[in-house]
Amino acid sequence: VQLQASGGGLVQPGGSLRLSCVASRGSLSREGMGWFRQAPGKEREFVAAISRSASRKYFADSARGRFTISRDNAKNTAYLQMHSLKPEDTAIYYCAAGSSWSIRSVDYDYWGQGTQVTVSS
């Protein structure tokens with residue numbers, strides 16, 4: 001499975017962005033999906049995860065209430081909708097797929113290349 005993340009950009013504080021993660025050379029329907037982010041000088045951190053059927057979702061405290069995660073298995077695509085963005089959300093955002101959904105990066109087998117999100121006025 002190859003993943004391609006997109007949708008990042010520059011947005012003002014309080015704004016919104018929707019990130020997409022499209023899979024090629026494989027199907028996402030059998031994979032749990034996660035979003036992680038890495039800010040300059042910091043370790044990669046968990047943002048959100050969604051199970052194969054989308055029946056279960058989990059968010060980091062920093063994302064809960066502002067971000068939503070979804071997927072469309074027919075389109076082999078997962079999404080991260082981000083609202084009320086803050087400067088501290090600035091990071092490279094990565095999507096990941098694995099046999100089980102998890103908050104741990106080590107549990108994911110496939111990673112996208114990352115998309116830059118910058119929140120600044």
Side-chain angles (χ1 to χ4, degrees):
V1 176
Q2 290 189 339
L3 303 177
Q4 178 77 35
S6 63
L10 173 63
V11 62
Q12 292 186 342
S16 299
L17 280 175
R18 188 177 80 157
L19 306 183
S20 299
C21 178
V22 180
S24 59
R25 297 186 182 182
S27 173
L28 282 184
S29 62
R30 293 176 288 179
E31 308 289 344
M33 297 293 300
W35 286 94
F36 293 77
R37 68 187 183 185
Q38 187 166 18
K42 295 187 177 181
E43 294 186 352
R44 188 173 298 187
E45 64 176 6
F46 168 77
V47 176
I50 186 169
S51 63
R52 300 172 189 176
S53 65
S55 60
R56 293 176 293 173
K57 303 173 185 179
Y58 190 77
F59 298 91
D61 289 344
S62 60
R64 191 172 294 116
R66 299 188 300 126
F67 296 2
T68 59
I69 187 171
S70 60
R71 64 191 298 162
D72 185 337
N73 288 339
K75 295 182 178 180
N76 253 359
T77 303
Y79 306 96
L80 183 69
Q81 178 70 57
M82 304 184 293
H83 297 293
S84 303
L85 283 162
K86 306 174 183 180
E88 50 264 43
D89 294 317
T90 295
I92 300 174
Y93 284 70
Y94 299 89
C95 60
S99 57
S100 63
W101 69 304
S102 170
I103 66 172
R104 305 191 314 162
S105 60
V106 295
D107 291 330
Y108 291 90
D109 302 309
Y110 310 102
W111 290 83
Q113 86 290 357
T115 183
Q116 176 71 47
V117 171
T118 302
V119 184
S120 174
S121 56

Audit row: Met82, Val117, side-chain contact (heavy atoms from CB on, under 4.5 Å) steps and yes/no: CA-CA 10 Å; Met82 304 184 293; Val117 171; 3.9 Å; yes
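For the pair Arg52 and Gly32, the tightest heavy-atom approach, listed with the atom from each and the gap, is CG-N, 3.9 Å. The two residues Gly112 and Tyr94 have their closest heavy-atom pair at O-CD2, 3.6 Å. When every heavy atom of Leu3 is checked against every heavy atom of Ala97, the shortest pair comes out as CD1-N, 3.7 Å. Residues Ala78 and Met33 share a closest heavy-atom pair of CB-CE, 3.8 Å. Contact between Ala60 and Phe46 at its shortest, heavy atoms only, is CB-O, 3.4 Å. Residues Gly8 and Leu19 share a closest heavy-atom pair of N-CD2, 3.6 Å.
Both Tyr108 and Ile92 are assigned to one and the same hydrophobic cluster, defined by single-linkage of ILVMFWY side chains at heavy-atom distances under 4.5 Å. Note on Val22: it does not cluster hydrophobically with Trp35, by side-chain heavy-atom contacts below 4.5 Å among ILVMFWY residues.
Residues Asp89 and Arg66 meet the side-chain proximity criterion, which asks for heavy atoms closer than 4.5 Å. The shortest side-chain heavy-atom distance between Asp109 and Val1 does not fall under the 4.5 Å cut-off. When side chains are defined from C-beta on, Arg37 does not count as touching Thr90, because their heavy atoms never get closer than 4.5 Å. Leu85 places a side-chain heavy atom less than 4.5 Å from the side chain of Phe67.
Note: Trp101 CH2 to Ser55 OG = 8.0 Å, rounded to the nearest 0.5 Å. Here the OG atom belonging to Ser27 is positioned 6.5 Å from the CG atom belonging to Asn73, to the nearest 0.5 angstrom. Taking SG of Cys95 as the reference point, atom CZ of Arg71 lies at 11.0 Å (rounded to 0.5 Å). To the nearest 0.5 Å, atoms CZ (Arg56) and CD1 (Ile69) are separated by 13.0 Å. Put simply, OG on Ser99 and CZ on Arg30 are 11.5 Å apart, with the number rounded to the nearest 0.5 Å.
Note on Asp61 versus Arg64: salt bridge recorded, some NZ/NE/NH1/NH2 to OD/OE distance being below 4.0 Å.
Without hydrogens or angle criteria, Gln113 side chain to Ala5 main chain gives a donor-acceptor distance under 3.5 Å.
Ring pair Trp111/Phe36: centre-to-centre distance below 6.0 Å.
Atom CD of Glu43 has 12 or fewer neighbouring heavy atoms from other residues, nucleotides or ligands inside a 6.0 Å radius.
Screening residues 74-85 for side chain to side chain donor-acceptor pair (under 3.5 Å) gives Ser16-His83 as the qualifying pairs, with residues at least two apart or on separate chains.
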